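Computed from a predicted model, the values in this text were never measured in an experiment. Atoms within each ligand, like the ligands themselves, are counted from 1 in listed order.
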Amino acid sequence: MIIILKPQAGKADADEILARIESVGLKPLYMPGVERTVLGALGDERLLGRLHLQNHPAVERVDQILAPYKAVSREMHPTDSVVQIGSMRVGGPEIVVVGGPCAVESREAFGKTAAAVKAAGAHGLRGGAFKPRTSPYSFQGLGLEGLEILRDTGRELGLPVITEVVELGDVAAVEAHADAFQVGARNMQNFRLLTALGQAGKPVILKRGMAASVEDLLMAAEYIVSEGNRNVIFCERGIRTFEKGTRNTLDLSAVCQLKRLSHLPVVVDPSHGTGVREYVAPMAFAAIACGADGLLIEVHHEPKEALSDGAQSLYPDQFAALLEKLPAFAAATGRRMADPA
Ligand code: PEP
Ligand code: MN
């Protein structure tokens, strides 16, 4: 349910109503807006009936949210949410780019790629420390050492860092080292992990599962936001289809759907979305054209030596060329690129 307060209602009215929502066992949400404040009540909606909030003098109306997802729905929060990851703002008028290798392979290798990512004018740095791979015999990541390299390199370059958290037991360590959590496609419906991230203090980039519908993705985000962490960003990274020419089928219509159905930002990963280096730039342009708030791009200083995802990793000069072309696409959609970090 959403409870829309009258324009003259104050913070004290909101606090009183939020306390009453909580007292019947529902989760309260506070969403102050420019013109008026909206409150949310999450849980069994029959409980709200007991409060007769429609009779409260500070309340203008009580509306039901028809979608199965509530806190992430645009009905609950009509304006776009902006999620801050260190110095990077995702979801506002400016578009951001996060670049980096699939995995942190060593301090030296990561430093080289990260320096190139920064020099190209990116806004954030990515790199996996925990790499659950399709094959148990493939490189599995440096773990805690990888997190330390990621944190140190990000600090040296002044770039916020993002890395995947794979397990519940690693949430605290990732939170201590990174500026945002990434939830991988293979974990999108790991509900215990999502719940733990809802209670954590850093933003979450939630990747779409390879066999997940847009509604499944929205419901996964609901797990995080309903626990209190409103800083969630969706990531379209391709789904499995019958097409064999690409690693996945990048579903850019999901961007349009997510922007319509939810207030949360949406980024696109054309690297995993195609698996083919040559297709990354055109799909990145297309993502911006259809309303994405940012891009996650795999870059490697020497892709042919990469321990994972080399075939889809851009060479540093290709990444720099991509960033040079993006402002025109942003401008065509009435937006602009954020200033480099
Ligand atoms: C990654 O970002 O390197 C990754 C493993 O992505 P996904 O979970 O989308 O496969
Ligand atoms: Mn990868």
Should you measure from each heavy atom of [X], which atoms of ligand 1 turn up under 4.0 Å away?
X	result
Gly184	8 (O)
Cys102	3 (O)
Arg237	7 (P), 9 (O), 10 (O)
Lys131	1 (C), 3 (O), 5 (C)
Glu164	5 (C)

Ion pair check, [X] and [Y], cut-off under 4.0 Å:
X	Y	result
Asp251	Arg208	yes
Lys202	Asp179	no
Asp309	Arg277	no

Mind checking whether Ser308 and Arg133 have side chains closer than 4.5 Å, heavy atoms only?
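Yes. Closest side-chain heavy atoms under 4.5 Å.
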
Counting C-beta onward and ignoring hydrogens, is there a side-chain heavy-atom pair between His177 and Leu144 closer than 4.5 Å?
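A side-chain contact under 4.5 Å exists here.
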
Does any N or O atom in Glu298 lie less than 3.5 angstrom from one in ligand 1, N or O only?
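There is such a contact, yes.
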
Quick check: Asp309 and ligand 1, any N/O pair under 3.5 Å apart?
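Looking only at distances, the answer is no, because the N/O contact criterion of under 3.5 Å is not met.
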
Determine which of the N, O or S atoms in Asp309 is closest to the Mn ion (ligand 2) and give its atom name.
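Nearest N/O/S atom of Asp309: OD2.
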
Check the hydrophobic clustering (I, L, V, M, F, W, Y; side-chain heavy atoms under 4.5 Å; chains of links allowed) and say if Leu197 and Phe130 are grouped together.
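Yes: a chain of side-chain contacts under 4.5 Å links Leu197 to Phe130.
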
Tell me the protein heavy atom at minimum distance from [atom], and give that distance in Å.
atom	result
atom 3 (O) of ligand 1	Arg126 NH2, 2.8 Å
atom 8 (O) of ligand 1	Ala185 N, 2.8 Å
atom 4 (C) of ligand 1	His272 NE2, 3.4 Å
atom 7 (P) of ligand 1	Lys207 NZ, 3.5 Å

Test the Lys207-Phe234 pair against the cation-pi criterion, namely NZ or CZ under 6.0 angstrom from the six-membered ring centroid and within 45° of the ring axis.
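No cation-pi geometry.
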
Please determine whether the number of non-hydrogen atoms from other residues, nucleotides or ligands lying under 6.0 Å from atom NZ of Lys6 exceeds 12.
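More than 12 within 6.0 Å, yes.
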
Quick one: angle His272 NE2 - the Mn ion (ligand 2) - Glu298 OE2, to the nearest 10°?
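Vertex at the Mn ion (ligand 2): approximately 90°.
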
